[in-house]
Structures are given as structure tokens and as C-alpha cells.
Undergrad: 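I have a structure here, written as C-alpha cells, and I will follow up with some questions on it.
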Amino acid sequence: MIDDKIDNPLVSVLMTCYNRQEYISDAIQSVLNSSYKNFELIIVDDWSTDKTVQIAKSFGEKDKRIKVFVNEHNLGDYPNRNKAASYAGGKYIKYLDSDDQIYPFSLDIMVDSMEKNSAAVLGICYSGVQDDAKPFPIIFSPEQAYYHHFFKGGLLFTGPSGSIIRTDFFHRIGGFSGKRFVSDTELWLTIAQDSPIMILQPSLIWWRRHEDQEYNIGHVSEEYINLNYELNRKILGSASCPLKDNERMMAIRNYKNRYAR
């Protein structure tokens with residue numbers, strides 16, 4: 001039985017799951033392989049009908065840093081993420097989906113970056129940013145984050161597995177709204193309205209692609225297109241949007257054109 005710094009973990013790794021017996025062992029083991037050790041791994045099952053819980057509990061029996069919870073009924077994706085966050089005892093929340101994997105060095109980099117850049121409440125891995133004058137992490141102001149997101153390639157589309165966020169701020173802002181497919185982007189956009197965003201180096205997470213994941217389900221349905229359009233129209237029309245007026249109008253026109261197509 002491993003009992004390694006579980007009383008005051010600096011980071012809570014949150015793994016939500018539903019029928020992930022094929023992948024969850026790899027996901028859990030990737031966390032346990034981390035060079036960074038001051039973490040707790042909170043696994044919250046959303047009423048799986050396969051062996052997901054059995055597999056998770058088998059890991060928990062061997063390592064006290066792992067805590068396994070099973071919901072009384074199925075909550076759905078983002079409500080379950082909020083549920084997992086309610087159990088977090090760490091200063092930071094680090095989501096890792098139960099079909100993804102984290103590299104051994106990644107927690108070290110993510111936690112160290114957050115500790116050294118206290119102004120940023122959110123850190124995200126993103127491959128579309130490069131500063132030739134300095135290495136990662138890179139701090140973006142609200143204006144920079146919004147401009148890059150809307151005009152240079154979707155900075156804030158990074159999923160929960162590619163993020164780390166300060167726990168107290170997550171609770172203060174109310175967590176995820178619960179909107180299917182877009183609640184993560186919605187939360188990052190809300191945070192970026194008036195808080196600096198830290199861009200971490202890319203490739204800290206291995207994101208598994210398979211047919212039975214929300215990303216694929218969402219991108220073949222009109223529901224995602226509609227929700228994404230309404231979200232961006234609301235965000236760009238808000239008085240809190242940090243873009244200049246002409247930039248906002250241009251972004252709205254761009255989304256209208258894409259939606260029409």
C-alpha cells in the first residue's frame with residue numbers, strides 16, 4: 001500500500017468516467033507514473049454498467065492517494081466534473097479524462113508553472129502559440145487571449161484534460177455551467193474576460209481519439225454547432241468582452257458566416 005503525501009496534496013487530479021473499462025487502467029497508471037508525487041487522484045464514476053468501478057477500486061486498494069466515488073445516479077459529463085471538483089483538496093485542479101493519459105513529467109511542469117505565475121488562475125496546453133523571444137509558459141492578457149482565440153485558431157477550445165486551474169477560483173466562478181459539449185470553452189472564455197491565461201507547452205497530455213467520445217459525438221451533430229454559435233454570440237456581445245468594438249463585430253460576422261455554411 002502506497003501512502004505518499006496524501007494529507008495535503010498540492011494538486012487534485014480529477015478523473016470522471018462512464019463505461020471506460022477499456023481505457024481507465026492506462027489513464028490511472030499514467031498518473032501514478034508521474035515524477036511529481038504530491039497529488040491525490042479522485043475518480044468519480046457516473047453509474048457505469050461495465051467494469052470501470054471495479055478496475056478503479058483495484059488501484060485504490062493499492063495506493064491511498066486514489067479515492068473512488070460512485071454517483072447515486074448518472075449526472076452527465078460536466079455536472080460530474082463539478083461533482084469531482086467538490087471532493088478536491090488540492091490548491092489546483094487537474095482534470096484528466098479516463099480515456100486520456102498524462103506524461104510522467106507533465107504534472108511537474110504544470111504545477112511548477114502555476115506556482116511561479118500566481119497571477120494566472122488557469123493554465124492550458126496549446127500547440128498554436130510560439131514566442132521566439134522566450135520559452136513557455138507564456139502569459140496572455142485577456143485581450144491577447146481573446147484575440148488569439150477568435151482570430152488565430154481557437155486558443156480556448158482546449159479541453160479539460162489540457163488544463164490546470166486554481167481550485168478556489170473554480171469554485172468561486174461556479175464551475176462548469178453544464179451545457180453539453182461547450183461548458184469547458186464557456187468557462188475558459190469567462191475566466192479570460194478579466195484574468196490572465198497561462199499558455200503551457202504543448203504535448204503534456206496524450207489525447208486518445210476514438211468513436212465513443214463526446215468530442216466525436218458533438219462534432220457530427222447539429223447540437224454542437226448550435227450551442228457553439230450561441231455561446232460565442234453571447235460572449236462577443238457581452239460588455240465584459242475584452243476585444244475592441246471593431247474586433248468584436250468582425251468576430252461575430254465570421255461566426256455568422258461559418259454558421260450559415
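Because the structure is a prediction, the values reported are computed rather than measured.
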Undergrad: Looking at Leu231, is its backbone amide N or carbonyl O close enough to the side chain of Glu186 to form a donor-acceptor pair, meaning the two atoms are under 3.5 Å apart?
TA: no

Undergrad: Quick one, Arg81 with Asp97, criterion salt bridge (Lys or Arg N to Asp or Glu O under 4.0 Å). Give me CA distance, side-chain angles, the key distance, then yes/no.
TA: CA-CA 10 Å; Arg81 294 185 190 278; Asp97 286 351; 2.8 Å; yes

Undergrad: Indicate yes or no: at least one non-hydrogen side-chain atom of Trp206 is less than 4.5 angstrom from one of Asp100.
TA: no

Undergrad: Just wondering, do Leu32 and Ile66 contact through their side chains at under 4.5 Å, heavy atoms?
TA: yes

Undergrad: Determine whether Phe157 and Leu227 fall in the same hydrophobic cluster, where Ile, Leu, Val, Met, Phe, Trp and Tyr are linked whenever their side-chain heavy atoms lie under 4.5 Å apart.
TA: yes

Undergrad: Any side-chain heavy-atom pair from Glu247 and Phe151 closer than 4.5 angstrom?
TA: yes

Undergrad: What are the two closest heavy atoms between Val111 and Leu10, and how far apart are they?
TA: CG1-CD2, 3.6 Å

Undergrad: Which pair of heavy atoms, one from Pro79 and one from Gly178, lies closest together, and at what distance?
TA: CD-CA, 4.4 Å

Undergrad: Just verifying a value: how many Å separate Asp45 CG and Ser48 OG, rounded to the nearest 0.5 Å?
TA: 3.5 Å

Undergrad: State the OG1-CH2 distance between Thr158 and Trp207, to the nearest 0.5 angstrom.
TA: 10.5 Å

Undergrad: Looking only at the aromatic ring of each residue, does the gap between the centers of Phe176 and Phe170 stay below 6.0 angstrom?
TA: yes

Undergrad: Please tabulate, for the side chains in residues 117-137, all donor-acceptor contacts under 3.5 angstrom to protein atoms that are two or more places apart in sequence or on a different chain.
TA:
unit_1: Asn117; atom_1: ND2; unit_2: Ser113; atom_2: O; d: 2.8
unit_1: Tyr126; atom_1: OH; unit_2: Gly153; atom_2: O; d: 2.8
unit_1: Asp131; atom_1: OD1; unit_2: Ala133; atom_2: N; d: 2.9

Undergrad: Return the minimal non-hydrogen interatomic distance between Leu155 and Ala145, and the atom names on each side.
TA: CD2-O, 3.7 Å

Undergrad: Looking at Asn74 and Trp47, would you say the former's side chain and the latter's main chain have a donor-acceptor pair under 3.5 Å?
TA: no

Undergrad: How far does CZ of Arg166 sit from CD1 of Ile173, to the nearest 0.5 angstrom?
TA: 11.0 Å

Undergrad: When you measure from the side chain of Ser30 to the backbone of Gln101, do you find a donor-acceptor pair of N or O atoms at a distance under 3.5 Å?
TA: no

Undergrad: Testing the basics here: between Gln144 and Ser141, what is the closest heavy-atom pair and its distance to 0.1 Å?
TA: OE1-N, 2.9 Å

Undergrad: Hey, could you give me the OG/CG distance between Ser34 and Asp108, rounded to the nearest 0.5 Å?
TA: 8.0 Å

Undergrad: Looking only at heavy atoms, what is the nearest atom pair of Ile165 and Trp188, with distance?
TA: CD1-CZ3, 4.4 Å

Undergrad: Can you confirm whether Arg20 sits close enough to Asp50 that some side-chain heavy atom of one is under 4.5 Å from a side-chain heavy atom of the other?
TA: no

Undergrad: What are the two closest heavy atoms between Leu187 and Gly175, and how far apart are they?
TA: CD1-O, 3.6 Å

Undergrad: What I'd like to find out is whether the side chain of Ile191 reaches to under 4.5 Å of the side chain of Phe169, using heavy atoms alone.
TA: yes

Undergrad: Might you work through the side chain to side chain donor-acceptor pair (under 3.5 Å) test for Gln29 and Asn33, ending with a clear yes or no?
TA: CA-CA 6 Å; Gln29 191 60 55; Asn33 290 342; 3.0 Å; yes

Undergrad: Where the side chain of Lys152 meets the backbone of Tyr147, is there a donor-acceptor pair that is under 3.5 Å apart?
TA: no

Undergrad: Backbone N or O of Ser183 within a donor-acceptor pair of the Ser177 side chain at under 3.5 Å?
TA: no

Undergrad: Rounded to the nearest 0.5 Å, how far does CD of Glu143 lie from NE2 of His148?
TA: 15.0 Å

Undergrad: Consider only side-chain N and O atoms of Asn80 and Thr16, and report whether a donor and an acceptor are under 3.5 Å apart.
TA: no

Undergrad: Is the gap between the ring centers of Tyr229 and Tyr255 under 6.0 Å?
TA: no

Undergrad: Distance from Phe140 atom CZ to Leu156 atom CG, nearest 0.5 Å?
TA: 9.5 Å

Undergrad: Taking the side chain from Ser238 and the backbone from Ile235, do they hold a donor-acceptor pair closer than 3.5 Å?
TA: no

Undergrad: Please say whether the positively charged group of Arg180, taken as NZ for Lys or CZ for Arg, lies over the ring of Tyr78, i.e. under 6.0 angstrom from the six-membered ring centre and within 45 degrees of the axis.
TA: no

Undergrad: Where the side chain of Gln193 meets the backbone of Ser240, is there a donor-acceptor pair that is under 3.5 Å apart?
TA: no

Undergrad: Is it true that Arg208 and Asp99 make a salt bridge, defined as a side-chain N closer than 4.0 Å to a carboxylate O?
TA: no

Undergrad: With sequence neighbours left out, which residue pairs that include part of residues 12-33 fulfil the ring pair (Phe, Tyr, Trp, His ring centres under 6.0 Å) condition?
TA: Tyr23-His210

Undergrad: Output yes when a side-chain donor or acceptor of Arg233 lies under 3.5 Å from a complementary backbone atom of Lys256, and no otherwise.
TA: no

Undergrad: Does the plane of the ring in Tyr103 sit parallel, tilted or perpendicular to the ring in Phe105? Use 30° and 60° as the thresholds.
TA: parallel

Undergrad: Is the shortest side-chain heavy-atom distance between Lys67 and Leu41 below 4.5 Å?
TA: no

Undergrad: Is there side-chain contact between Ile109 and Gln201, with at least one heavy-atom pair below 4.5 Å?
TA: yes

